[in-house]
Structure formats: C-alpha cells, structure tokens
Amino acid sequence: MPLLLPRPAFVAAVNERIAWLAEHRSEDQLDNFLAGLAFVRERIERHPGAGPPLRQDPTHVVRMRLFPRPLPYLVYYGHPLAHPIDEIYLVRLYGSGQEREELDMSDWPW
C-alpha cells in the first residue's frame, strides 16, 4: 500500500476544523468528522487513482475525494504518475463551499 504523507497545509486545515467543531458543535459532529476523515484516507490509500484529476503535469497528478455524505468536506491529494504509486500527498482539506486556491504544479509537493 502507498504511504500517505499529509502536507503542512492539510494538517493545519484538519487541526483548525477539529478545534472549530470542538468549540461550536456537538461531540457527535466532531466524531463524525473524524470518522469521515479516516474513511477518506482509507479510500485514497486503497484506490488512489479513483479521484477525479484536477491538475496534472508530465510527472504528477492532483485529485479530489469527497467525504461520505452528508459531511461537506473534500480532500485534495496528489501522487506521482509512476506505477506503482508509492507515495500519496494529502495537500488540502476544504469545506464544500469554501473558496479553493489554485495549485501550481511547479511547487510540488506543496
């Protein structure tokens, strides 16, 4: 199985979401977020090529994966185009309505 490597922006977004949920929502909602995150991570690890490609250059691709419904989050992740896929970079976590920054492929792996 490929190695999942969370990037600093992903870790910061997850930590911010956890802190916000802990302060403003019920413990059940926080538990649902954590379970959804674990589910998405497992799906990305098992099927890295399943997420739709968002950006690509000759050597890498960035894909997106949705949290399970009804959770309104999505994860951007990237990996080299080489096979087998040995490393997957978790690069961003967004709320579904959140404005998303444009990723520059030349800055890989962000």
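For clarity, every value in this text was computed on a predicted model and none was experimentally measured.
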A.B. asks: Applying ring-ring contact (aromatic ring centres under 6.0 Å, His included), which residue pairs with at least one partner in residues 35-65 are found, sequence neighbours left out?
C.D. replies: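 Sorted result for residues 35-65: His60-Trp108.
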A.B. asks: Within the side chain of Gln98, is there an N or O that forms a donor-acceptor pair under 3.5 Å with the backbone of Gly95?
C.D. replies: yes
A.B. asks: Using the rule given for side-chain contact (heavy atoms from CB on, under 4.5 Å), can you reason through Leu34 versus Leu21, listing the C-alpha separation, both sets of side-chain angles and the distance that settles it, and then say yes or no?
C.D. replies: CA-CA 10 Å; Leu34 294 172; Leu21 287 167; over 6 Å; no
A.B. asks: Below 4.5 Å, heavy atoms only, C-beta onward: do Pro68 and Val40 meet side chain to side chain?
C.D. replies: yes
A.B. asks: Could you go through the side-chain contact (heavy atoms from CB on, under 4.5 Å) check for Val61 and Arg55 one step at a time?
C.D. replies: CA-CA 6 Å; Val61 62; Arg55 304 225 24 160; over 6 Å; no
A.B. asks: Establish whether Leu5 and Leu90 are linked, either directly or via other cluster members, by ILVMFWY side-chain heavy-atom contacts under 4.5 Å.
C.D. replies: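 No; Leu90 is not reachable from Leu5 via cluster members.
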A.B. asks: Can you name the nearest heavy-atom pair linking Pro48 to Glu45, along with the distance?
C.D. replies: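 So the two residues come closest at CD-O, 3.7 Å.
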A.B. asks: Would you mind reporting whether Asp86 and Pro84 have side-chain heavy atoms less than 4.5 Å apart?
C.D. replies: yes
A.B. asks: For Asn32 and Leu71, work out which heavy atoms get closest and say how close.
C.D. replies: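 For Asn32 and Leu71, the tightest heavy-atom pair comes out as O-CD1, 3.3 Å.
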A.B. asks: Using distance alone, with no hydrogens and no angle criterion, decide if Asp28 and Ser26 have a side-chain donor and acceptor under 3.5 Å apart.
C.D. replies: no
A.B. asks: Which pairs with one or both residues in residues 61-78 pass side chain to side chain donor-acceptor pair (under 3.5 Å), sequence neighbours excluded?
C.D. replies: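 Of all non-adjacent pairs touching residues 61-78, those that pass side chain to side chain donor-acceptor pair (under 3.5 Å) are Arg63-His79.
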A.B. asks: Show your reasoning for whether side-chain contact (heavy atoms from CB on, under 4.5 Å) applies to Arg7 and Arg92.
C.D. replies: CA-CA 8 Å; Arg7 303 302 299 157; Arg92 298 288 188 277; 5.6 Å; no
A.B. asks: What is the distance from atom CD of Glu99 to atom CD of Glu101, rounded to the nearest 0.5 Å?
C.D. replies: 10.0 Å
A.B. asks: If you round to the nearest 0.5 Å, how far is CG of Asn15 from CZ of Phe10?
C.D. replies: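 If I round to the nearest 0.5 Å, the distance is 10.0 Å.
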A.B. asks: Any heavy-atom pair between the side chains of Val62 and Gln56 that's under 4.5 Å?
C.D. replies: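 Gln56 vs Val62: side chains apart.
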A.B. asks: Looking at Leu30 and Ala22, what are the two nearest heavy atoms and their distance?
C.D. replies: CD2-CB, 4.3 Å
A.B. asks: Should Ile18 and Phe33 count as side-chain neighbours, where that means a heavy-atom distance under 4.5 Å?
C.D. replies: yes
A.B. asks: Taking the side chain as C-beta and beyond, is there a heavy-atom pair between Leu3 and Ile88 under 4.5 Å?
C.D. replies: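 No, every pair of side-chain atoms sits at 4.5 Å or beyond.
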A.B. asks: Same hydrophobic cluster for Leu37 and Val11, using side-chain heavy-atom links shorter than 4.5 Å among ILVMFWY?
C.D. replies: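 Different clusters.
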A.B. asks: Kindly give the heavy-atom pair with the smallest separation between Pro58 and Leu81, and that separation in Å.
C.D. replies: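 Result for this residue pair: O-CD1, 3.6 Å.
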A.B. asks: Can you find a heavy atom in the side chain of Met64 that is under 4.5 Å from one in the side chain of Leu66?
C.D. replies: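 The answer is yes; the side chains approach within 4.5 Å.
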A.B. asks: Membership question, hydrophobic clusters at under 4.5 Å side-chain separation (ILVMFWY): are Val14 and Tyr89 in the same one?
C.D. replies: no
A.B. asks: Taking all non-hydrogen atoms of both residues into account, name the closest pair between Pro80 and Ile85 and its distance.
C.D. replies: O-CG1, 4.2 Å
A.B. asks: Going through the checks in order, is the side-chain contact (heavy atoms from CB on, under 4.5 Å) test met by Val75 and Phe67?
C.D. replies: CA-CA 8 Å; Val75 172; Phe67 267 55; 3.8 Å; yes
